[in-house]
Novice: 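Sharing a structure below in structure tokens format, with a few things to ask.
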Amino acid sequence: MTDAAPYLHSVDTETMYQGKTPLGRRMPWDISQAQPSLVAIEESGGISGDVLDLGCGTGDNAIYLASRGYRVTGVDVAPTAIKEAVQRAQAVGVDVTFDVADATKLDQYSSAFDTIVDSALYHSLEVDERADYVRALVRVARPGARLHVLCFSDATPEVFPDLFRITEQNLQENFEPFGLITSLNRSEYTSSMTRAAFGQFVRLLTDVELDDAALREVPVDAEGRVSLPIWHLTAVRAEDGR
């Protein structure tokens, strides 16, 4: 395991969305549709009321949820991502509020949301940002609000930085201030990467070169997109807001 990401770790997401990295403009998490794990959450009744999509990127999760009848606000720290999200929503005629905002602050909101969704943001935060992030969630969640966090798990490849390999203990400890953790299950995250693109991503992330045999072991879906192991944490804010 490695403690640092030699290249990408020092690159902000706005630079990435502008296409100024070797990854180009197609982000590893941009699959141009809602994340299947999030679709499953919605179909199982896990979404309600006013929804906040944290680190919404180019907006596909938020657009999907809005198309299902929810009032959705998507926030991302990268202006280029928000601009693209607005364009995607307009292209399909779906009404979503998109804002440039830092998920560790969320100063412009207060007790505003019934459901909060984080699809692959938490694991990208620095260790010392995570407490601020949870405090921001507490402030913007209404009493009884549900939180869904999809983040990389400790089952990700061992070449990944420790920052990305989230343990059960990490989640239990860091999200305890939000409220009651009602479930913590292992799931899968669909990326936009082929195995070859995944090899490039790992090389940028860690300076490690995966050989062909290692790449053949990387799981992909029916469309050849790499699937990565994640946690799905669900937590509920106390009804009295404490």
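Heads up: numbering here begins at 1 and tracks the sequence.
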Novice: Out of the candidates Trp29, Trp231, Phe152, only one should pair with His123 under the ring-ring contact (aromatic ring centres under 6.0 Å, His included) rule; please name it.
Specialist: Phe152
Novice: Is it true that a side-chain atom of Arg195 and a backbone atom of Val218 form a donor plus acceptor pair closer than 3.5 Å?
Specialist: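 Yes: the side chain of Arg195 pairs with the backbone of Val218.
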Novice: Taking the side chain as C-beta and beyond, is there a heavy-atom pair between Ser32 and Ser192 under 4.5 Å?
Specialist: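 They are not in contact (no side-chain heavy atoms under 4.5 Å apart), so the answer is no.
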Novice: Residues in side-chain contact (heavy atoms from CB on, under 4.5 Å) with Leu180, at least two apart?
Specialist: Thr182
Novice: With sequence neighbours excluded, what pairs up with Ser191 under the side-chain contact (heavy atoms from CB on, under 4.5 Å) test?
Specialist: Met193, Val226
Novice: Under the side chain to side chain donor-acceptor pair (under 3.5 Å) rule, collect the residues that match up with Thr73, sequence neighbours excluded.
Specialist: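 Testing Thr73 for side chain to side chain donor-acceptor pair (under 3.5 Å), a comparison that skips the adjacent residues, returns none.
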Novice: Side chain of Gln35, backbone of Thr190: donor and acceptor closer than 3.5 Å?
Specialist: yes
Novice: Kindly indicate whether the side chain of Cys56, heavy atoms from C-beta on, has any atom under 4.5 Å from the side chain of Val75.
Specialist: no
Novice: Are side-chain heavy atoms of Ser37 and Ile230 found at a separation under 4.5 Å?
Specialist: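 A side-chain contact under 4.5 Å exists here.
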Novice: Once the angle between the rings of Phe198 and Phe201 is folded into 0 to 90°, is it parallel (under 30°), tilted (30 to 60°) or perpendicular (over 60°)?
Specialist: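 Aromatic pair Phe198/Phe201 classed tilted.
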Novice: Just wondering, do Tyr189 and Ser119 contact through their side chains at under 4.5 Å, heavy atoms?
Specialist: yes
Novice: Looking at Leu171 and Cys151, what are the two nearest heavy atoms and their distance?
Specialist: CD2-SG, 3.9 Å
Novice: Applying salt bridge (Lys or Arg N to Asp or Glu O under 4.0 Å), can you list everything that pairs with Glu223, at least two apart in sequence or on another chain?
Specialist: Arg225
Novice: Please confirm whether the backbone N or O of Ala197 pairs with a side-chain atom of Thr194, one donor and one acceptor, at under 3.5 Å?
Specialist: yes
Novice: Please list all pairs passing the ring-ring contact (aromatic ring centres under 6.0 Å, His included) test where one or both residues lie in residues 54-105, with sequence neighbours left out.
Specialist: none
Novice: So which heavy atom on Gln108 is nearest to which on Ala101, and how close?
Specialist: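 Looking at all heavy atoms of both residues, the closest pair is NE2-CB, 3.3 Å.
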Novice: Regarding Thr167 and Asn170, is there a side-chain donor-to-acceptor distance under 3.5 Å anywhere?
Specialist: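 Side-chain D/A pair, Thr167 to Asn170: absent.
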Novice: Please round to the nearest 0.5 Å and tell me the distance separating atom CG of Leu125 and atom OH of Tyr133.
Specialist: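 Answer rounded to 0.5 Å: 7.0 Å.
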Novice: Compare every heavy atom of Val138 with every heavy atom of Arg237, then report the nearest pair and how far apart it is.
Specialist: NH2-CG1, 3.0 Å
Novice: Can you find a heavy atom in the side chain of Leu150 that is under 4.5 Å from one in the side chain of Ile41?
Specialist: yes
Novice: So, using salt bridge (Lys or Arg N to Asp or Glu O under 4.0 Å) as the criterion, who are the partners of Glu129 when residues are at least two apart?
Specialist: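 Salt bridge (Lys or Arg N to Asp or Glu O under 4.0 Å) list for Glu129, sorted by chain: empty.
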Novice: Quick check against the 3.5 Å criterion: does Arg71 have a side-chain atom that pairs as donor or acceptor with the backbone of Gly49?
Specialist: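 No, because the side chain of Arg71 does not come within donor-acceptor range (under 3.5 Å) of the backbone of Gly49.
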Novice: Going only through I, L, V, M, F, W and Y residues with side-chain contacts under 4.5 Å, is there a path from Leu65 to Val94?
Specialist: yes
Novice: Hey, could you give me each pair passing salt bridge (Lys or Arg N to Asp or Glu O under 4.0 Å) that has a residue in residues 34-44? Not counting sequence neighbours.
Specialist: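 Found Glu42-Arg68.
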Novice: How long is the span from the OG1 atom in Thr156 to the CZ atom in Phe164, to the nearest 0.5 Å?
Specialist: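 Rounded to the nearest 0.5 Å, the OG1-CZ separation comes to 9.5 Å.
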Novice: Under a 4.5 Å cut-off applied to non-hydrogen side-chain atoms, are Val140 and Leu52 in contact?
Specialist: yes
Novice: Within this structure, what is the CG-CZ distance for the pair Asp132 and Arg130, rounded to the nearest 0.5 Å?
Specialist: 12.5 Å
Novice: Looking only at non-hydrogen atoms, find the nearest pair between Arg165 and Pro157 and report the distance.
Specialist: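 Heavy atoms of Arg165 and Pro157 come nearest at NE-O, 3.4 Å.
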Novice: Checking Asp99 now: which residues fulfil salt bridge (Lys or Arg N to Asp or Glu O under 4.0 Å) with it, not counting sequence neighbours?
Specialist: none
Novice: Check for a donor-acceptor pair, side chain of Arg203 on one end and backbone N or O of Val208 on the other, with a separation under 3.5 Å.
Specialist: no
Novice: Got a second to check how far Asp118's CG is from Leu233's CG, nearest 0.5 Å?
Specialist: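 It comes to 9.5 Å.
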Novice: Is it the case that one hydrophobic cluster holds both Val236 and Phe113, taking links as side-chain heavy atoms less than 4.5 Å apart, direct or via other members?
Specialist: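 As far as the 4.5 Å side-chain criterion goes, Phe113 and Val236 are not connected within one cluster.
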Novice: With sequence neighbours excluded, what pairs up with Arg26 under the salt bridge (Lys or Arg N to Asp or Glu O under 4.0 Å) test?
Specialist: none
Novice: Flag yes if Leu121 and Ile31 sit in one hydrophobic cluster, no otherwise; membership is Ile, Leu, Val, Met, Phe, Trp, Tyr, and two members link when side-chain heavy atoms are under 4.5 Å apart.
Specialist: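 They do not share one cluster, since no chain of ILVMFWY contacts under 4.5 Å joins Leu121 to Ile31.
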Novice: Could you tell me if the side chain of Arg139 sits less than 4.5 Å from the side chain of Asp107, heavy atoms only?
Specialist: yes
Novice: Side chain to side chain contact (heavy atoms under 4.5 Å, CB included) for Val77 and Asp12? Distances and angles first, verdict last.
Specialist: CA-CA 9 Å; Val77 73; Asp12 63 75; over 6 Å; no
Novice: Going by the side chain to side chain donor-acceptor pair (under 3.5 Å) test, which pairs reach into residues 75-92, not counting sequence neighbours?
Specialist: Glu14-Thr80, Asp30-Arg88, Thr58-Arg88, Asp60-Arg88, Glu84-Arg88
Novice: Can you name the residues that form a side chain to side chain donor-acceptor pair (under 3.5 Å) with His232, not counting sequence neighbours?
Specialist: His148, Thr234
Novice: Does one hydrophobic cluster hold both Ile181 and Tyr122, with members joined at side-chain heavy-atom distances below 4.5 Å?
Specialist: yes
Novice: For residues Val96 and Ala89, report the shortest heavy-atom separation together with the two atoms involved.
Specialist: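 In terms of heavy atoms, the two residues are closest at CG2-CB, 4.5 Å.
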Novice: Quick one: does any side-chain atom of Asp50 pair with a main-chain N or O of Asp114 as donor and acceptor, under 3.5 Å?
Specialist: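 No, the answer is negative, given that no donor and acceptor are paired below the 3.5 Å cut-off.
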Novice: Any salt bridge (Lys or Arg N to Asp or Glu O under 4.0 Å) pairs touching residues 170-186, not counting sequence neighbours?
Specialist: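 Output for this query lists Asp154-Arg186.
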Novice: Let me confirm one number: the CG-CD1 distance from Asp95 to Ile63, rounded to the nearest 0.5 Å.
Specialist: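 Answer rounded to 0.5 Å: 11.0 Å.
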Novice: Would you check if Val149 and Leu54 make a side-chain contact, meaning some heavy-atom pair closer than 4.5 Å?
Specialist: no
Novice: Could you see if Val51 belongs to whatever hydrophobic cluster contains Val86? Use Ile, Leu, Val, Met, Phe, Trp, Tyr and a side-chain cutoff under 4.5 Å.
Specialist: yes
Novice: If I compare all heavy atoms of Pro143 with all of Ser111, which pair ends up nearest, and what's the gap?
Specialist: CD-OG, 4.2 Å
Novice: In Å and rounded to the nearest 0.5 Å, what is the CD1 to OH distance from Ile82 to Tyr17?
Specialist: 8.5 Å
